[in-house]
Protein chains: 2
Amino acid sequence: MPFDLILKNISKYIGLDEAEKKTFTNHLTTKTLNPKTIFLKSGEVCKYSAFVIKGCLRGYTYDKNGTEHVLDFAPPDWWIADMYSLITQKPGFITIEALEESEVLLLSKKAQEELYSQIPKLERFFRILTEKSLVANQQRLIDNMTLTAEERYNIFCNRYPTLINTLAKKHIASYIGVTPEFFSRMRAKSIRNN
Amino acid sequence: MPFDLILKNISKYIGLDEAEKKTFTNHLTTKTLNPKTIFLKSGEVCKYSAFVIKGCLRGYTYDKNGTEHVLDFAPPDWWIADMYSLITQKPGFITIEALEESEVLLLSKKAQEELYSQIPKLERFFRILTEKSLVANQQRLIDNMTLTAEERYNIFCNRYPTLINTLAKKHIASYIGVTPEFFSRMRAKSIRNN
DNA sequence: TTTTAAAGTTGATGTAGGTTAAGAATTAAT
DNA sequence: ATTAATTCTTAACCTACATCAACTTTAAAA
């Protein structure tokens, strides 16, 4: 059942009866993404939130030199979208790409708003989700302001132990906020000191 | 009327009738804060969101060296709280302080949750508020990863033109993410080049 | 009004992390 | 299985910003 994971995810925060679950899942579309498929391109309007059930996506922006900066990884059980663009329905600056063969559930902005009126409890669910996302994001900002690259890497390893082996090092480096070269040196050093 | 500002703020996103407005404002407490008053201390549990109607507050954390890092300023018409602590009701890491004589409206976590059931529309209001906050925060993270201190300062000046003159330079420096010394040099240079 | 403390500035020097470049190791394509 | 492309690593050098210290200015206290 492709909806098991998302329903279990929701049930952590709100209770839905069978009819409500059905209403909810009726608004979802399943989509398979091949590796390197671009799900959302910078400059486009983000029309869907994606809930990952298999594989892994990443979201990133370009800076003025054209360098990519990874903003988030989305392994199974995570949502990903360009929140700015999704909310404003203006062209965004984030590109979202499948890193491997992935499966996602799509919830369109329109469907989401319909669901808010049909099942008001979902407003609570998404509020809580957004709150958690905000807190995580604030913590990351704090970490970027107060910690060294090495400390941020350690936090990353602890928080996403499963991702470390599957992700390309350059993507981890970018998420941490350093160049691949420095990341490589950093790791070589920390291996030596163990 | 101390509630005018907050009611106007709310009315941007949802409509409340007179009875609902009354119910809402009944859950608020007014508080005056003298300059340098600490409204929330790192290590404490955050029990209130504060909506500023006069003056200005700032939120900051300490790093392991004891250096302060300003996370946000809250001029009138802004909310401020330690979201992590407020949501989890665990001791937080943020200190919130009045920079000048300020007046705030307090909404306790408990009152907020009561309001969600009494006036479900407020769930929407706070969802939207949190979404906006998340987007702003993500943008700030992107700016920190992709821009120089000078570029971040320019953005700050454009975004908060009124604050530039009232805030202490060391607080702006901290918000931007540089030392007061470097901030000073940066400004000296940019004045020279004008 | 004078004193004291805090904030801001300027200079000399240090460092985390960036850049450029070239080779080694993987991975993908033929 | 080879070739081609991408990713990763290592090294030399570079820059944005930090640190420390002394001085000046501003603001707060007495």
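In the text below, chain A, chain B and the rest are named by the order of the sequence lines, each starting its count at 1.
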- Can a donor-acceptor pair under 3.5 Å be found between the side-chain atoms of B:R185 and the base atoms of C:dG8?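 There is none.
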
To the side chain of [X], which of [options] is closest?
X      : options               : value
B:T179 : D:dT10, D:dA18, D:dC8 : D:dA18
A:S184 : D:dT9, C:dG8, D:dT7   : D:dT9
A:E181 : D:dC8, D:dT9, D:dC17  : D:dT9
B:K169 : D:dT19, C:dG8, C:dT19 : C:dG8

Spacing of [X] atom [atom1] relative to [N] atom [atom2], expressed in whole Å:
X      : N      : atom1 : atom2 : result
B:I172 : C:dA7  : CD1   : C1'   : 13 Å
B:K189 : C:dG11 : NZ    : P     : 15 Å
A:M186 : C:dG17 : CE    : C1'   : 11 Å
B:E68  : C:dA7  : CD    : C1'   : 13 Å
B:K36  : D:dA28 : NZ    : P     : 7 Å
A:M145 : D:dA18 : CE    : P     : 12 Å
A:D63  : D:dA16 : CG    : P     : 15 Å
A:K170 : D:dT9  : NZ    : P     : 13 Å

- Would you mind reporting whether B:Y48 and B:F39 have side-chain heavy atoms less than 4.5 Å apart?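 Yes. Closest side-chain heavy atoms under 4.5 Å.
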
- Item | A:E150 and A:N154 side chains, donor-acceptor separation under 3.5 Å |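 Result is no, nothing qualifies.
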
- How does the hydrophobic cluster around B:I155 look, that is, which other residues are in it when side-chain heavy atoms under 4.5 Å mark a link?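 Under the 4.5 Å side-chain rule, B:I155 groups with B:L147.
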
- NZ/NE/NH1/NH2 to OD/OE distance under 4.0 Å, B:E18 and B:K21: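 Salt bridge: yes.
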
- Query: How long is the gap from CG on B:L28 to OG on B:S49, to the nearest 0.5 Å?
  - Reply: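 If we round to the nearest 0.5 Å, B:L28:CG and B:S49:OG are 10.0 Å apart.
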
- 5' priority, DNA chain C, between A:F182 and B:R187 [closest heavy atom]: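 The residue whose closest nucleotide sits nearer the 5' end is B:R187.
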
